[in-house]
Amino acid sequence: MRPAMTDSSVLLSATGMSIWRGEHLLVDEVDVCVSAGSIVQIQGSNGSGKTTLLRALIGLAEFDEGEIFWRGESVRRVRDDLHANLIYLGHKAGITAGLTPLENLLSLCPELSADKGESSSRDRIRQVLEELGIADRIDLPSAALSAGQQRRVSLARLRLQSATLWVLDEPLTSLDVNGYDWVKAEIQRHVGEGGAVMFTTHQALVFDPHPVQSIQLTGDL
Amino acid sequence: MRVFKRDMKLAVRSAGQWLNPLLFFVIVVTLFPLGIGPGPAMLATIAPGVLWVSALLAMMLSLDALFANDFRDGTLEQMVLSGHPLTVMVLGKVMAHWVISGLPLVLLSPLLGLLMQLPEEAYLTLLASLFLGTLSLSFIGAIGAALIVSLNQGGVLLSLLVLPLTVPVLIFGSGAVAAAGMGLETSAHLSMLMAIVFLSVSLSPLAIAGALRVGVAAGR
């Protein structure tokens, strides 16, 4: 049962997603459709399965029933293509404590150093970190950064990598008001440029003029 | 290659990573003459076995952290999602692990051989067998390390999983050194070790990548 695939702007879609956790039905027959230029928010209380659903959709977690499509094709066949066009920011920042923010970003964004030389990608990273207010930390070990600063380093990927689909799990965690505004502006820019964003958050976010489709999860664990 | 460089950089910054197995190796081997007594004949007989078992245990010691840190800070899930083949990245990672934890043992082993009164003829074989042996131990052990990646306390389980698989390496490795000490032909032993290296280097990245995907799916 394929969803309506006539619309070519649909990026990621899923039908009838069900996820069991032991005896408990965590996610019950949820349909998801993320098309280019849209913002999808997954809502639900703590433990309602937001993270689990997000991870299942991008192939990081198992699911029990349902079918996932990337650009109209079953994700089982085009998994690498999905991953190549995806930025996922999860609960874990993906920042290695022993490396500096610069080194972390270079290893997280391989296309950056491949396109240009080492020094120009350094300038590029410095510029983005400057916007995020942590340019002076660029050569410090990441272990010396606070949780919010580490979060900012991983958020810098949104600007450094070109990926169509952003999947952000609680992107606002440990951010201050400036960081919050930066993320909001980035999401708006990305969607304006034809990208798509799927995220979870407990804050109420309004993206004028882009409407936010929301998916409500009711399962509780 | 990128992953290899990254891990090497990390190892240079935290000395414990390559120093711990090396120190363990040295300490265990030096304890034997102290415990057994310095009789040269006795030590020479047990030298191949002692050197090999100590090297094996030192390698086991270093395996715990191989994927655990990357799993904890989320690097591993980003690797899975990078769109590049996971097996190739795994290959780089395990090669780095061998250069960091295995190669120092190989280089130091002649010195400890001296301490254990190892016969002169056996040194070259000791180096060759440990070189091949530690390389396959890295790859075989990494399968175990990948399987337990999402468990918090997997240390004992890791030994249980991996040690049985390392028995052939131990038998042929210490066998080669013992044979060389007695002036016998060692090419059969070394060829077997070579075969194990080829087999483990070519096949285990597939198993490791598979195990890591399962591990990442189980964690959150």
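Sequence lines set the chain letters: A, B, ... in the order given, protein chains first and strands last, and positions in each chain run from 1. Here the structure is a predicted model, which is why all the values come from computation and not from measurement. Reckoned from all heavy atoms, side chains included, excluding hydrogens, waters and symmetry mates.
Using a 4.5 Å cut-off between heavy atoms, A:Leu86 contacts chain B through its side chain alone, with no backbone atom that close. Residue contact with chain B, scored on non-hydrogen atoms closer than 4.5 Å, is absent for A:Gln150. Heavy atoms of B:Arg213 lying under 4.5 Å from chain A belong exclusively to its side chain. Looking at A:Leu99, both its backbone and its side chain come within 4.5 Å of chain B, counting heavy atoms on both sides. A:Ile87 does not touch chain B: none of its heavy atoms, backbone or side chain, sits under 4.5 Å away. Proximity to chain A (any heavy atom under 4.5 Å) is shown, for B:Ser14, by neither the backbone nor the side chain.
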* To do: Please report the C-alpha distance between A:Ser9 and A:Ser35 in whole Å, then the side-chain angles of each, then the deciding distance to 0.1 Å, and finally whether the side-chain hydrogen bond (donor to acceptor under 3.5 Å, both in side chains) criterion is met.
  => CA-CA 5 Å; A:Ser9 71; A:Ser35 35; 4.5 Å; no

* To do: Could you please spell out the steps behind the side chain to side chain contact (heavy atoms under 4.5 Å, CB included) verdict for A:Arg137 and A:Thr100?
  => CA-CA 8 Å; A:Arg137 304 287 198 278; A:Thr100 67; over 6 Å; no

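Atom CD1 in A:Ile42 sits 11.0 Å away from atom CD in A:Gln213 (nearest 0.5 Å). Here CZ of A:Arg79 is found 14.5 Å from CH2 of A:Trp70. Values are rounded to the nearest 0.5 Å.
Note on B:Ser82, B:Gly83, B:Pro85: by heavy-atom pairs under 4.5 Å with chain A, the leading option is B:Gly83. Between chain B and the residues A:Ala84, A:Gly59, A:Gly98, the largest count of heavy-atom pairs under 4.5 Å involves A:Gly98. Of the residues considered (B:Val214, B:Val80, B:Asp73), B:Asp73 shows the highest number of contacts with chain A, using heavy-atom pairs under 4.5 Å.
Ion pairing between a basic and an acidic side chain is recognised when a charged N comes within 4.0 Å of a carboxylate O; A:Lys92 and B:Asp70 show no such pairing. At a threshold of 4.0 Å, the pair A:Arg76-A:Glu67 counts as salt-bridged, since one of the basic side-chain nitrogens sits closer than that to a carboxylate oxygen.
Below 30°, between 30° and 60°, or above 60°: for A:His190 and A:Trp166 the angle between ring planes is below 30°, a parallel geometry.
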